[in-house]
Amino acid sequence: MSSSRLRLFRPEPPRSSEPTINLSVAQLVPLLVDAYQTDRVWLNDFGDEPVRVTSDLYEILLAYQQLRRSDAA
């Protein structure tokens, strides 16, 4: 009888179907603000799109949101 050899295959990491582009906040925010202020329809098309942010930016945004709520009260 011949012995069979086991081969180990490492799975490839899953690939995102959408390419990602890295932008700085300084590049992104002025464009979004202008699109919002000029009521661009295309901005609504992306309203439900997920956006990845770093955890420290997320914490700052949450704190700012709370600050704005307390100022409005």
Verdict with supporting geometry, Q66 and R69, side-chain contact (heavy atoms from CB on, under 4.5 Å): CA-CA 5 Å; Q66 292 297 323; R69 285 183 184 162; 3.5 Å; yes
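- Annotation for P30 and V25: closest pair CD-O, 4.1 Å, computed over non-hydrogen atoms.
- For the atom pair E59 CD and T54 OG1, the distance stands at 9.0 Å (nearest 0.5 Å).
- Side-chain heavy atoms closer than 4.5 Å link hydrophobic residues (I, L, V, M, F, W, Y) into clusters, and following such links, even through other members, never connects F46 to V51.
- Cluster membership check: L23 does not share its hydrophobic cluster with V53, using side-chain heavy-atom separations under 4.5 Å among Ile, Leu, Val, Met, Phe, Trp and Tyr.
- Under the 4.5 Å side-chain heavy-atom criterion for ILVMFWY residues, no single connected hydrophobic cluster contains both V29 and I60.
- Under the 4.5 Å side-chain heavy-atom criterion for grouping Ile, Leu, Val, Met, Phe, Trp and Tyr, V33 is connected to L57 within one hydrophobic cluster.
- Residues L67 and Y58 fall into different hydrophobic clusters, defined by Ile, Leu, Val, Met, Phe, Trp and Tyr side chains chained together at heavy-atom separations under 4.5 Å.
- Taken from CG in D39 to CG in N44, the straight-line distance is 7.0 Å, to the nearest 0.5 Å.
- Atoms CG and CD1, from L28 and I21 in turn, are 12.5 Å apart once rounded to the nearest 0.5 Å.
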